4 protein chains.
Amino acid sequence: MSLREQKKKETRDRIFETSSRLFKEKGFEGTTVDEITKEAGIAKGTFFNYFPTKESLLSYFREQREEFIINIMQDQMAREIPVREKIENFLIHVAEYYEKDRELLRLLFFEQRRLLMSSGHSLSHGDHRKKKQELFIGMLADLTIEGMQKGEIKSDIDPKLVAQTLHAVYFHSLMTWLHSEDDYSFSKDMSAKIDIIFEGIGV
Amino acid sequence: MSLREQKKKETRDRIFETSSRLFKEKGFEGTTVDEITKEAGIAKGTFFNYFPTKESLLSYFREQREEFIINIMQDQMAREIPVREKIENFLIHVAEYYEKDRELLRLLFFEQRRLLMSSGHSLSHGDHRKKKQELFIGMLADLTIEGMQKGEIKSDIDPKLVAQTLHAVYFHSLMTWLHSEDDYSFSKDMSAKIDIIFEGIGV
Amino acid sequence: MSLREQKKKETRDRIFETSSRLFKEKGFEGTTVDEITKEAGIAKGTFFNYFPTKESLLSYFREQREEFIINIMQDQMAREIPVREKIENFLIHVAEYYEKDRELLRLLFFEQRRLLMSSGHSLSHGDHRKKKQELFIGMLADLTIEGMQKGEIKSDIDPKLVAQTLHAVYFHSLMTWLHSEDDYSFSKDMSAKIDIIFEGIGV
Amino acid sequence: MSLREQKKKETRDRIFETSSRLFKEKGFEGTTVDEITKEAGIAKGTFFNYFPTKESLLSYFREQREEFIINIMQDQMAREIPVREKIENFLIHVAEYYEKDRELLRLLFFEQRRLLMSSGHSLSHGDHRKKKQELFIGMLADLTIEGMQKGEIKSDIDPKLVAQTLHAVYFHSLMTWLHSEDDYSFSKDMSAKIDIIFEGIGV
DNA sequence: GATGAATGAGTTTTCATTCAT
DNA sequence: GATGAATGAAAACTCATTCAT
């Protein structure tokens, strides 16, 4: 039924949003299923009708985030602008997306490994992370190749190495920002560093 | 005296090594004090005679690691070679040190934030991380300035930005390697990327 | 609903009664939650569904006792008999109530201070004890004033001092009885002493 | 040896005084043997050379206190003054002695029962308490009889009942003072109440 | 007689998950 | 499909006491 489906979605969303909020406030292990259900206004058992385990919430978070990022990537790739701008735009848009939710991102980033470690999922986790990072770097590599073809980037370097270096700068800015308590803009911080990659520091 | 001291050191070391091993195998939370003591062949209480809490083991790990790194830094800075080599040597030596113990490093890196989060040490933790990173980047900045003075590095860039970008590449390589299950050399991976920083990718 | 509620009450009561019994037999600290649940035929976790901590049982005991005493007080005050009888009746009824459960009373009396000391509640504890004793003495003072107005008690003494002296005798009998292992009647013991207060011992 | 004996006594005293202080500050169970020995500047094992168990310290405290009280009693009984003054003096002197060390007294009073309960000494403890209280009341009874013979106290009452009532007032004042956090004089509080006993409250 | 490292039983509390209603 | 009472494994940490040196 449409009505029934409607209600189910509502409940699922309420669980999800309540969890998000509580996880941000108190961390994953610091939040109990009991709290989640109480704040979401449902019975404890109901939680397990929607998510088989507490951990499964994290997978759900991750999926949503990745879907979002891939969309951003594809949007940028389709545009008709210089490659350097594409790259910068892409990285900056991802950064801006992250800026909206630093706490949850911290959680996902730092919690994931430990959680998956203890459940013996290490294989699928490694696979997953690698796949995700490869996707990210792969797209940067594609842009790099595009840049080489258009004469915007030196063509005597391995494009993958370039992509990795760009990712390094993005990733470093991200990590520094996640670890910091200061309230500065992650996306702006990253921009200046990308310039160095393009210009080089050697004389 | 000497005999007692001897035995004490032995016990402490046995606890430390057993912990290291078990943490690598099963993670910090996945390892119980009970297991550690059983494997170390001591009584449970004895553990707490040496380390006031289970967590205090992590501090001990960290201290040891940091001490080691600072020594490496200083050694490199004193040498009489081109700055680019100094930078590369320094980063590569740190990388080589890390290569010896990937699992434990993973643990320390990913576990730290959550642990300190829950103990309310967030301030001192932030302070600590920042101090450590600032030290690392500070030394890279010093080398950069030295390079500018010797005409080995472009002098129209902010040395701190350069240092951060170098650190980004080092850090990215480290993180990628920590996340990866593959058995490749972190130090070699990093080298090529540092070249890109020196040469730039723009035409 | 009714069935569930029923069962819940039964469980709560079973925990409470088992605790009472074990506390009387072995003291508060001498009784473990494990024992309580085992004897009550429930799982250990279930205990904490009903009482948040082991200590909270003591509060529960205390509340029940105080409620009971206040009722006794009010009953006696409303009667139309000589004040001396009211006072004696009131104290005797309280005494009789206590006689039913000497062991638990001992526990509550001697355990309380130490427990609250360690939980840092000293303020609220002092407040609580004082309030309770003031209530008790306050009612005795009211009766004394009533007796003065009716010409049954000398009116040149401070009623509060009288009330305190009466309370002293009640309290002394109670404490002596609590400390004693003999099986005598606390209420009767007290009666004779109250007479002395009324008659005086000077010639 | 005199020197050896000297040192032994010193160590015993240091343990005793350190214990006193710590017990006052943190309670009996809140103080560990480790703390005591550390503050006393001796090794942990040494403690057990002087006191067979931690609990045995309490017995030692109690013995010292009782010895002191008995001396006070006997001093007062020998004087040539009205009986009423003797009684008041005696009680007031005991009160003054207690005033010097409220915290430790609290400890001894509230801790004793529980501790002895758990060690199965209940018999000897009951015996002991009774003996002590009987001694106290017995001396008050002796003074009462003396008063009756000298025509200072009504002779148609049971002297033991009189003694108990006096003890009640003393004891009540003591208990109220022990439970209170206020800094008033226990001995003065008691005086006024003894007057009521001598005068009576009936018209 | 002093030392202090080793012992290990003992305790409270937490919480994800299950399942009868 | 919702409920929430029951479950019980799990885990860190304490501390009086012992005993080899």
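Only a predicted model underlies this, so the values are computations on that prediction, with no experimental measurement involved.
- The side chain of C:R4 contributes no N or O atom lying less than 4.0 Å from OP1 or OP2 of F:dT3.
- Separating the NZ atom of D:K38 from the P atom of F:dC15 is a distance of 12 Å, rounded to the nearest angstrom.
- Under a cutoff of 6.0 Å and an axis angle of 45°, D:K54 and D:F28 form a cation-pi pair.
- Contacts with DNA chain E (heavy atom under 4.0 Å) in residues 15-22 of chain C: none are found.
- Legend: residues meeting side chain to side chain contact (heavy atoms under 4.5 Å, CB included) with A:E35, ordered by chain and number and at least two apart, are A:L22, A:K26, A:T31, A:T32.
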Base-contact (B) and sugar-phosphate-only (S) positions in nucleotides 6-12 of chain F, heavy-atom cut-off under 4.0 Å, - elsewhere: BBB-BSS
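- Annotation: side chain of A:I36 is in contact with side chain of A:L57 (closest heavy-atom distance under 4.5 Å).
- B:E17 is linked by a side chain to side chain donor-acceptor pair (under 3.5 Å) to nothing, counting only residues two or more places apart in sequence or in another chain.
- Applying the side chain to side chain donor-acceptor pair (under 3.5 Å) criterion to B:R12, with sequence neighbours excluded, gives no partner residue.
- Under the side chain to side chain donor-acceptor pair (under 3.5 Å) criterion, A:E39 pairs with A:R21, not counting sequence neighbours.
- The CG-P distance, from C:L57 to E:dT13, rounds to 11 Å in whole Å.
- Qualifying salt bridge (Lys or Arg N to Asp or Glu O under 4.0 Å) partners for A:K24, counting only residues two or more places apart in sequence or in other chains: A:D101.
- For residues 43-52 of chain D, the set of pairs meeting the side-chain hydrogen bond (donor to acceptor under 3.5 Å, both in side chains) definition, not counting sequence neighbours, comprises D:D34-D:K44.
- Legend: residues meeting ring-ring contact (aromatic ring centres under 6.0 Å, His included) with A:F61, ordered by chain and number and at least two apart, are A:F16, A:F23.
- Counting heavy atoms of neighbouring residues, nucleotides and ligands inside a 6.0 Å radius, atom CD of B:E10 exceeds 12 of them.
- Whole-Å rounding puts the A:E10 CD to F:dA2 P distance at 12 Å.
- Residue C:E35 contributes atom CD, which lies 15 Å from atom P of E:dT13 at whole-angstrom precision.
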Paired and unpaired positions of DNA chain F as dot-bracket, Watson-Crick or G-U wobble under 3.5 Å, | denoting a partner strand: .||||||||||||||||||||
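- Computed from coordinates, the A:K9 NZ to F:dG1 C1' distance equals 19 Å when rounded to whole Å.
- Under the rule for a side chain to side chain contact (heavy atoms under 4.5 Å, CB included), the partners of D:E63 that lie at least two apart in sequence or sit in another chain are D:S59, D:Y60.
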